[in-house]
Amino acid sequence: MSFLVPTLYLLSAVLFILGLKGLTRVKSARRGNALASLAMLIAVLATLVEMGVVNYTFILIGLAVGGLVGAVAAVKVEMTSMPEMVALFNGSGGGASALVASSVLWGSVIEPGSGQTAVAVLAHAPGVTTVLSMLIGALTLSGSVVAYAKLAGKMSGNPILLPGRHVLNGLLLAGSLGLGVWAMFSVSDPATLSMVAVLVLVLSLILGVMLVIPIGGADMPVVISLLNSYSGLAASATGFVLQNNVLIISGALVGASGLILTQIMCVAMNRTLANVLFGGFGMEADAGATSGAAAEYGVVRSFSAEEAALVLENAESVMFVPGYGLAVAQAQHAVRELANQMEKRGTKVAYAIHPVAGRMPGHMNVLLAEADVPYEQLLEMDNANPEFRNTDVAIIVGANDVVNPAAEKAPGSPIYGMPVLEVWNAATVIMIKRSLSPGFAGIKNELFEYENTMMLFEDAKKAVQGIVTEMKEL
Amino acid sequence: MTEAVVMGPLLIGLYVFVLAIFVGFEIITKIPPTLHTPLMSGANAISGITIVGALVAAQGADPNTSTLLGLFAIITATINVVGGFLVTDRMLRMFGKKKK
């Protein structure tokens, strides 16, 4: 028996790695995900074997309730709401890690009431990592809930900038960590220790809220990636508490994954992580030299769906550029229908995907996959940009900042230097947008005034459906 | 005179952690942007591995603080695991669909 359990844990760790490896290709991705879930099952079985026969009442209740909630959420969620869903799942993972660490603290130290300190009972390393696990787990939970509220529109996506927030956050971090570690080494009275533990959890929860409220809606891809990473690190910390390598390994894999995605998102916005986390981007742009300019537009040409259809009828190649507006309007199926119409007429169709289009990494790819768009037609930014010169019509559906020429042409602009899709190189640009209102960067988009730009002022879905109807009549 | 260096559990854990981070970096930098959302939800489900700790925490028949914390840990971890893997599979099924 002593050989079986560690072997199963090793098998589980290997399968997690192979599962992630499967995700490197579209063809093997589904199998990779299945391997990872098999790894999870093996880890759970190994633990049950290790535990021997115990009272299963709470275990079964927990598995039943959690499994039901998770399954219903996974089946019912709209693809457009995937960022909110992932935020909530991140939060539940972080919360679970904090709860496990807390349970260890209560079960091993506080409830037995032996009058010894936590490090005396648990040994040094687990004692200290218990605090880390509670801190990271709790701030992941509360941060994810705030991210969810912002993504779901339950609170404003605007950055909330409290004065002195950096000092306050520093104090919260130092306070919860310092207090927790101190208590592990010095507090032997169970009642005092439980009070300190609750205080550490509360401070960590407040810190999580404070870390996410200053971050604006357009920066959400960075935050979700980062919270993803935290949820992995919390699991790793729990692994140190329980001295279980499977937790350490899989937590580290998730931590690494989240960090890489965070890095990719930051590069795609030409910003440092520190700038995203501490910047409060939208507010600073408003206070800058471009303020007020957002509303000032010169000649903007507005067109109807019929005119757009006429242009598209003669196009040999079109490039769709989807953005967050496509997700909000649920326009992915309408776009696919328009693409079908075009392809029937022999037009070459492709899609240009900016890395931060939408609210999470890969958001647009998932929506278009839902609408049966073949993934071979989706071009990454670096591959799409040279193609615009050979494109007859670029159709922008609900994107704004990621196609703003100011990023390349206006050195004074807040977004100058951010890599963007060079849609203006296409012969004609059809911009579908509800109004001239600025994007999340809060700045003017001169593309609207370009001579080759046709503005179509309407909801993305209605506009695209309108063009489809017109095209069918042509 | 040299003493044999015996690694304690903390040190072994740190070795494992650092090496796993490198493995993660190696694999994940190869994942194409198209799969970034499924990667996130899949990785997210993997972070639910903390369910292993939750099982230990929730054993026992007495509804005391540690067991109740364990119960809530199992609920949240299971939501994460079951929901995460299912929703990832749902997305990947769409990617795999054949062209009509």
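In what follows, chains are A, B, ... by sequence order, proteins preceding strands, each numbered from 1.
Looking only at heavy-atom pairs under 4.5 Å with chain B, the residue among A/Ala256, A/Ser103, A/Ala252 that has the most is A/Ser103. The candidate from B/Gly24, B/Gly42, B/Gly84, B/Ser47 with the greatest count of non-hydrogen atom pairs under 4.5 Å with chain A is B/Ser47. Annotation: maximal heavy-atom pairing with chain B below 4.5 Å, among A/Asn244, A/Thr129, A/Leu63, A/Ile264, occurs at A/Leu63. Of all the listed residues (A/Leu242, A/Leu20, A/Leu88), the one sharing the greatest number of non-hydrogen pairs under 4.5 Å with chain B is A/Leu20. Contact count versus chain A (heavy atoms, under 4.5 Å) is highest, among B/Thr29, B/Ile46, B/Leu14, B/Ile27, for B/Ile46. Between chain B and the residues A/Gly232, A/Ala235, A/Ser37, the largest count of heavy-atom pairs under 4.5 Å involves A/Ser37. Ranked by heavy-atom pairs under 4.5 Å with chain A, the first of B/Phe22, B/Phe17, B/Phe72 is B/Phe17. Between chain A and the options B/Leu10, B/Val82, B/Thr65, the largest number of non-hydrogen pairs under 4.5 Å is found for B/Thr65. Ranked by heavy-atom pairs shorter than 4.5 Å toward chain A, the options B/Thr37, B/Leu86, B/Val52 are led by B/Thr37. Top candidate by heavy-atom pairs under 4.5 Å with chain B, chosen from A/Leu48, A/Leu253, A/Leu378, is A/Leu253. Contact count against chain B (heavy-atom pairs under 4.5 Å) is highest for A/Gly67 among A/Gly67, A/Ala125, A/Gly32. Counting heavy-atom pairs under 4.5 Å between each of B/Thr88, B/Val23, B/Thr78 and chain A puts B/Thr78 at the top.
Interface residue B/Val81: only side-chain heavy atoms are found under 4.5 Å from chain A. The part of A/Thr47 that comes within reach of chain B is its side chain, from C-beta onward, which places non-hydrogen atoms under 4.5 angstrom from that chain. For chain B, no part of A/Val104 is nearby; none of its heavy atoms comes within less than 4.5 Å. Residue A/Leu368 does not touch chain B at all, counting heavy-atom pairs closer than 4.5 Å. Within the 4.5 angstrom heavy-atom criterion, atoms from both the backbone and the side chain of A/Ser102 approach chain B. Interface residue A/Asn33: backbone and side-chain heavy atoms are both found under 4.5 Å from chain B. Residue A/Ser108 does not touch chain B at all, counting heavy-atom pairs closer than 4.5 Å. Of the atoms belonging to B/Ala45, it is backbone heavy atoms, and not side-chain ones, that fall under 4.5 Å from chain A. The parts of B/Leu55 that come within reach of chain A are both its backbone and its side chain, each placing non-hydrogen atoms under 4.5 angstrom from that chain. With a 4.5 Å cut-off on non-hydrogen atoms, A/Tyr375 touches chain B through its side chain but not through its backbone. Looking at A/Tyr230, neither its backbone nor its side chain comes within 4.5 Å of chain B, counting heavy atoms on both sides.
Rounded to the nearest 0.5 angstrom, A/Leu35 CG and A/Lys21 NZ are separated by 11.5 Å. For the atom pair A/Gln332 CD and A/Tyr351 OH, the distance stands at 11.0 Å (nearest 0.5 Å). Of the inter-residue distances, the one linking B/Ile21 atom CD1 with A/Ser236 atom OG reads 6.5 Å to the nearest 0.5 angstrom. The distance from atom CD1 of A/Ile249 to atom CG of A/Leu10, rounded to the nearest 0.5 Å, is 7.5 Å. A distance of 9.0 Å separates CD1 of A/Ile136 from OG of A/Ser229, quoted to the nearest 0.5 Å. Here A/Phe16 contributes atom CZ and A/Ile42 contributes atom CD1; the two are 9.0 Å apart, rounded to the nearest 0.5 Å.
Residue B/Arg90 places its CZ atom among more than 12 non-hydrogen atoms of other residues, nucleotides or ligands, all under 6.0 Å distant.
When the salt bridge (charged side-chain N to carboxylate O under 4.0 Å, His left out) test is applied to A/Glu111, no partner is found at least two apart in sequence or on another chain.
In this model, no donor atom of one side chain and acceptor atom of the other lie less than 3.5 Å apart for B/Ser41 and B/Asn44. Neither side chain, A/Ser231 nor A/Thr140, offers a donor N or O lying under 3.5 Å from an acceptor on the other.
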Carefully, step by step, assess A/Met82 and A/Glu370 under the rule side chain to side chain contact (heavy atoms under 4.5 Å, CB included). CA-CA 12 Å; A/Met82 204 48 81; A/Glu370 188 195 12; over 6 Å; no
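Proximity of a side-chain donor or acceptor of A/Glu343 to a complementary backbone N or O of A/Asn340 within less than 3.5 Å is not detected.
The list of salt bridge (charged side-chain N to carboxylate O under 4.0 Å, His left out) pairs with a residue in residues 12-26 of chain B, not counting sequence neighbours, reads B/Glu26-B/Lys30.
The side-chain heavy atoms of A/Asn228 and A/Ile224, taken from C-beta on, include no pair separated by under 4.5 Å.
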